[in-house]
Amino acid sequence: MTDSAKPTLMVVDGHSLAYRAFFALPVENFTTKDNQHTNAIYGFLSMLVNLIKAEQPTHMAIAFDTSRHSFRTDQYPEYKATRSESPQEFRGQVPLLQDVLAAMSIPVLTKEGIEADDILATLSVQGAEQGYDVLLVSGDRDTIQLVNDKVTLLYPSVQGVSQLKRYDPATVHERYGVRPEQYPDIAALVGETSDNLPGVPKVGEKTAVKWLTQFGSLDELLERAEEIKGVVGGNLREHVEDVRRNRRLNRLLTDVELPVAPADLATAPIDAQAVRDIFARLEFRTLLPRVFDAVGASDESVHDEPAVAMPAPIESSVSELAQWLTDQSEELAVTLVTGGGEISRIGVASMTELRETDWSEATADALRSWLESDSAKVLNDAKPQVKALLRAGIRLGGLEYDTLLAGWLLRPSFPDKTLAHLVDRYLDERLPVADPTQLVPETDGATPSQEAWFTLRAAAALRDDVPESVATVLTDIELPTLLALADMEIAGVAVSHDVLSTFSGELAARTDGLATDAFALVGREFNLGSPKQLQEVLFEDLQLPKTRKTKTGYSTDAAVLADLQESNPHPFLDLLLQHREATKLRQIIESLDTAIRDDHRIHTTYVQTGSQTGRLSSTDPNLQNIPVRTEESRRIRSAFEVGEGYETLLTADYSQIEMRIMAHLSGDEGLIEAFNSGEDLHRFVGARVFGVEPSEVTSAMRTKVKAMSYGLVYGLSAFGLSKQLRIEQSEAKKLMLEYFARFGAVRDYLRASVVKAKEVGYTETIFGRRRPFPDLTSPNRVLRENAERAALNAPIQGSAADIMKIAVYEIHADLRAEGLRSRVLLQIHDELVVEVAPGEWDVTEKIVRTRMADAADLSVPLDVQVGRGHDWNEAAH
DNA sequence: TGAGTTCCGTA
DNA sequence: TTTACGGAACTCAT
């Protein structure tokens with residue numbers, strides 16, 4: 001408190017400040033796991049807390065607008081009419097913010113037909129009369145008129161909500177050149193675009209101030225308007241009525257009837273538990289201690305102490321540990337410290353006890369039976385640990401939960417997939433981490449059993465949050481898949497260095513030749529791989545027409561170059577395209593070759609949490625983007641061979657799985673019939689769309705409906721379709737209309753699924769996997785439409801991913817259960833590559849075919865194509 | 001050394 | 001103005 005004995009009354013325009021916060025803070029950082037946006041609430045509270053701490057008000061209230069309707073709109077319907085409606089994401093936050101304020105015992109004032117600023121005006125007058133120092137906080141300039149010796153205005157500066165500028169009469173005069181009560185006169189003359197109040201044309205602040213100084217008052221000025229010369233004088237005379245109206249509307253009411261008087265607004269103790277509860281719901285953590293600090297309340301629960309005290313890790317001998325493990329009846333968490341694929345230490349935790357020991361062969365022997373048993377185990381990021389155990393000859397049993405996978409299933413878009421983040425988010429505690437920048441860290445990182453303990457507790461918290469359908473996806477799809485992937489990664493795939501290097505040599509000779517020829521055509525040498533230098537050559541040296549713009553210049557991608565070749569043929573373009581193609585192949589070969597390990601095989605890593613749809617991704621190297629489209633590029637696939645001790649490779653792929661899912665989900669009778677007819681899909685669809693017999697469908701017709709069918713799944717537009725097929729947009733539009741005339745249920749389904757997603761905030765696959773889409777209700781059209789297309793696609797791509805995962809783990813399990821050596825090696829979204837041991841072809845093929853076909857029970861059959869060959873290319877035929 | 005951009009390979 | 005990925009090369013700033 002200040003040394004003045006005077007009480008301070010602080011009145012805040014909640015609406016205008018929360019609205020500023022809404023636009024100032026990126027919404028993606030402020031979204032709870034239920035997809036509740038909280039950026040406006042957070043920003044407002046953050047500012048409020050700072051204010052309370054700095055100003056120490058003795059009395060306080062927050063005023064809100066009730067609706068767009070007010071006495072001003074009654075008088076002048078156009079008032080604020082150009083202001084677009086505040087977005088739903090904002091409006092949804094206001095009631096929550098008011099709940100928070102209630103918990104903080106801060107009165108919220110609203111009155112039907114009255115704007116927040118009028119409440120501020122009324123309280124400021126009452127407060128000043130009754131001997132308070134009045135502090136107004138508002139983002140609306142009209143409140144400047146309220147400033148006087150007893151009333152100070154805090155107004156957000158351009159930099160943002162956190163910076164408030166303090167206006168007393170002197171600062172107002174300094175800034176606007178008039179006394180505060182004259183500010184509305186200026187505003188009336190100049191007009192206020194944001195309120196849709198036009199002023200006098202060509203009159204800005206400077207002119208307005210000059211006139212007011214000259215004539216002393218607005219009334220005087222309007223009386224003697226004929227004395228003003230020139231165009232502005234004419235403008236003023238023509239707009240006298242507008243000015244009077246503006247002045248009428250921007251006068252704030254100082255006599256609003258309120259249920260409270262300043263004396264009723266004395267600050268009261270906050271309801272600590274209520275604040276904690278609502279902050280937990282809003283997932284605010286750092287704000288909680290700031291609130292308690294600002295209001296001078298103490299709260300022990302906010303000081304980072306774990307809800308449960310962490311037991312001290314017990315260093316155990318191997319035999320003690322083995323004994324302890326068999327004594328436990330509850331689920332345990334396990335953490336293996338691995339490095340270079342080797343295990344160095346193991347930690348195990350129950351809720352109450354932490355045990356750990358170094359890993360050695362003796363450890364492996366002693367713990368094997370427990371590790372392989374069905375005893376329930378929880379791990380975080382189990383796959384690398386499962387692999388390390390497999391290398392040590394132990395097959396982990398009883399894997400009940402993986403917190404990494406659970407966290408990803410809840411929020412597939414969240415990039416931070418560390419245990420530290422899960423602990424932070426779901427336990428609201430901090431996982432101890434060693435400071436990596438210090439040679440001798442001041443703080444120790446968590447030991448393995450401590451990590452296990454946090455994992456166990458994070459799992460409990462996650463189980464509370466994960467909806468049942470998602471929990472089923474984790475248990476029935478992801479965990480079994482994890483075990484299959486571990487074996488696939490360890491198996492790897494045999495790749496011939498010789499085949500690769502022969503091809504690479506040929507390509508090297510070719511790229512050199514192409515570059516030489518290209519430089520000769522241009523007349524100088526440059527870096528063909530540099531988009532920047534290439535632009536100089538294309539658009540300056542060769543004077544080709546400018547293409548599609550990119551952030552940094554003009555595009556030179558393959559599609560653009562093909563367009564250029566059509567409109568402005570130039571031999572250089574051809575050479576460039578060929579050079580690109582050949583260098584790309586060389587790159588791919590190079591990365592594959594360096595990835596071949598001593599066992600002559602490549603071991604990719606499947607990232608189970610690598611996509612937002614449920615697909616896998618593949619890294620180091622990526623084996624899901626090996627070229628296949630051109631005859632030549634398929635030579636790379638021929639380097640992927642059957643390994644030693646095996647007989648042949650088997651490839652199996654789902655044909656048109658996404659269209660089949662579409663048929664199933666939409667229930668479109670035409671599409672279902674297409675798949676049941678046995679006819680080629682695109683031929684069947686083409687016949688329907690173009691009204692001809694299937695035998696009469698030309699390849700051009702087939703190409704068109706094929707592009708249309710595939711495009712559907714992506715939310716393709718007529719524009720995109722025309723671009724892809726290189727046809728007129730009108731023709732593309734016609735094609736879409738014809739298509740939907742025959743397969744209308746498809747369109748109905750796609751539309752309905754986006755509407756549903758908008759309602760519930762997420763999409764769902766056939767098996768219950770969810771993907772949240774907060775942007776579906778975004779006021780930003782680009783964001784919203786992007787989200788709509790992704791939401792259209794997610795259930796389809798995701799269901800296909802679910803089906804393939806089910807097939808993979810069932811095939812994996814069957815092969816093992818039958819005691820076969822044949823094994824799954826690769827998964828490329830809708831294709832599997834299997835290595836078949838001598839004599840096992842028939843049984844393996846049968847398992848693969850039936851498990852893939854039966855992975856889901858849809859209203860159309862799942863068609864599986866199987867191929868056999870010595871290498872991947874051959875097996876694809 | 002690292003972030004951002006462009007381009008391109010796959011399903 | 002077509003979904004989902006990983007990765008190489010280049011550019012520019014640090």
Side-chain angles (χ1 to χ4, degrees), chain A residues 412-413 526-535 547-561 576-577 579-592 594-595 604-630 633-634 636-637 653-659 661-662 707-725 729 732-733 736 750 763 771 773 781-782 785-801 804 826-832 872:
Chain A
S413 64
F526 67 102
N527 186 347
L528 281 165
S530 159
K532 198 171 163 239
Q533 295 179 38
L534 189 57
Q535 284 172 48
T547 60
R548 174 171 60 85
K549 279 206 167 157
T550 66
K551 273 185 187 158
T552 55
Y554 297 94
S555 173
T556 66
D557 70 21
V560 154
L561 295 180
L576 174 60
L577 283 167
H579 185 266
R580 282 246 181 97
E581 206 173 302
T583 43
K584 180 74 179 178
L585 291 182
R586 278 179 72 190
Q587 276 172 15
I588 292 171
I589 291 169
E590 175 63 23
S591 70
L592 288 176
T594 50
T604 186
T605 302
Y606 289 103
V607 184
Q608 208 170 346
T609 58
S611 81
Q612 305 200 37
T613 53
R615 275 189 175 184
L616 301 174
S617 75
S618 158
T619 62
D620 306 311
N622 180 356
L623 295 187
Q624 290 178 324
N625 68 344
I626 304 302
V628 71
R629 293 205 204 282
T630 68
S633 70
R634 285 197 285 273
I636 297 180
R637 290 203 169 205
D653 59 80
Y654 282 119
S655 52
Q656 296 124 2
I657 187 167
E658 293 193 343
M659 281 302 282
I661 289 165
M662 182 94 108
M708 174 77 205
S709 290
Y710 278 109
L712 271 183
V713 184
Y714 304 144
L716 188 70
S717 64
F719 175 89
L721 189 62
S722 72
K723 199 98 182 150
Q724 191 193 323
L725 290 171
Q729 216 171 310
K733 191 147 196 173
M736 293 183 82
L750 291 171
T763 59
R771 177 171 171 192
F773 280 99
R781 196 167 66 111
V782 176
E785 289 179 350
N786 286 343
E788 284 170 355
R789 284 191 299 274
L792 198 90
N793 176 262
I796 299 168
Q797 190 183 116
S799 296
M804 183 51 115
L826 304 178
Q827 188 258 43
I828 310 97
H829 307 308
D830 64 0
E831 175 185 5
L832 293 180
W872 191 3

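Every chain is numbered from 1, with letters handed out A, B, ... down the list of sequences. Quick note: numbers below take in every heavy atom, side chains included, and nothing from hydrogens, waters or symmetry partners.
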Under 4.0 Å, heavy atoms only, any strand: does [X] hit a base, just the sugar-phosphate, or nothing?
X        : value
A:Gln724 : base
A:Lys584 : base
A:Gln797 : base
A:Ser633 : nothing
A:Val628 : sugar-phosphate
A:Ala558 : sugar-phosphate
A:Gly711 : nothing
A:Arg615 : base
A:Leu716 : base
A:Arg771 : sugar-phosphate
A:Arg629 : base
A:Glu785 : nothing

How would you list, by chain and number, every residue that makes a salt bridge (Lys or Arg N to Asp or Glu O under 4.0 Å) with [X], sequence neighbours excluded?
X        : answer
A:Arg629 : none
A:Glu590 : none
A:Glu581 : none
A:Arg634 : A:Glu631

For A:His829 versus A:Leu616, what's the shortest heavy-atom pair and its separation?
CE1-O, 3.5 Å

Taking atom OG1 of A:Thr604 and atom CG of A:Leu826, what is their separation to the nearest 0.5 Å?
8.0 Å

Using a 4.0 Å cut-off to any heavy atom of chain A, which nucleotides of DNA chain C are the first and last in contact, reading 5' to 3'?
C:dT1 to C:dC12

Span of DNA chain B in contact with chain A (heavy atoms, under 4.0 Å):
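Both ends considered, the range comes out as B:dT5 to B:dA11.
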
Indicate yes or no: at least one non-hydrogen side-chain atom of [X] is less than 4.5 angstrom from one of [Y].
X        : Y        : result
A:Lys549 : A:Tyr554 : yes
A:Thr556 : A:Arg580 : yes
A:Asp557 : A:Thr550 : no

